[in-house]
Amino acid sequence: MIRGDAERRLRSNLHGMRVQLPPAARSGLLLEARHGEALAGALVSAPPFHWPFEPPRLGARLRYLMGQGLRVARRWGQVAEVLHAEHELGPHWYLATLGVDPECQGQGVGSALLRHWLGLVDEDGRPAYLETDDPRNLPFYGRAGFATTREVRIFGVKVWLMARPGAQPEAARPA
């Protein structure tokens, strides 16, 4: 959604995270993995009945617009509208973001974060839902029980919508 060089995309994504994380922290679940003092990875999710996150406060939105620029902010708004319209209905866990520092990728950080989160999801017993635009993520999430439910295109980018059924409660499991 952000055109230009890698530095511009990184700067734009940092502005986006700065505005999105506070509302997610107030009503969602944030998990982090650390390598020493450094942040190695993070997972942002919404428990059932907490998606969508509340809108960012006005000051944060203005800083976001100044940092992103109107064109990029408008494009992200259009992406949000499309994904919101496609979003799974009913009570579910929503995996909003799972990211790992590139220097820590391939070391099990993302798998550990996802496994911990899915433990909480399974305790609750409700389904989970996510979107990804990276085809490399499909096998990763597939191994965790997610299956593609639909595909959409946004600005020519394919986005896979994935769901994982809720866990069967302990009492209902066959012995």
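Counting begins at 1 with the first residue of the sequence.
A heavy-atom distance below 4.5 Å is found between the side chains of Trp51 and His84. At least one side-chain heavy atom of Lys158 sits under 4.5 Å from a side-chain heavy atom of Glu151. Taking the side chain as every heavy atom from C-beta outward, Glu81 and Ile154 never approach each other to under 4.5 Å.
A ring-centre distance under 6.0 Å is found for His87 and Tyr94.
Summarising the local packing, CZ of Arg136 is surrounded by 12 or fewer heavy atoms from other residues, nucleotides or ligands at distances under 6.0 Å.
Other members of the cluster containing Leu39 do not exist, because no ILVMFWY side chain is joined to it at under 4.5 Å. Counting side-chain heavy-atom gaps under 4.5 Å among Ile, Leu, Val, Met, Phe, Trp and Tyr, the cluster of Leu31 also holds Leu29, Leu43, Trp93, Leu95, Leu98, Val100, Val109, Leu113, Leu114, Trp117, Leu118, Leu120, Val121, Leu130, Leu138, Phe140, Tyr141, Phe146, Trp160, Met162.
What you find for Gly28 and Pro47 is that their closest heavy atoms are CA-CD, 3.7 Å. Taking all atoms of both residues into account, the shortest heavy-atom contact from Arg126 to Pro48 is CD-CG, 3.5 Å.
Remark: Arg143 CZ to Ser111 OG distance equals 6.5 Å, nearest 0.5 Å. Taking CD of Gln107 as the reference point, atom NE2 of His35 lies at 7.0 Å (rounded to 0.5 Å).
Remark: side-chain polar atoms of Thr149 are paired, donor with acceptor, to backbone N or O of Leu161 under 3.5 angstrom. Of the possible polar contacts, none joining the Thr148 side chain to the Arg150 backbone as a donor-acceptor pair under 3.5 Å is found.
With respect to the salt-bridge test (charged N to carboxylate O, under 4.0 angstrom), the residues Asp133 and Arg153 do not qualify.
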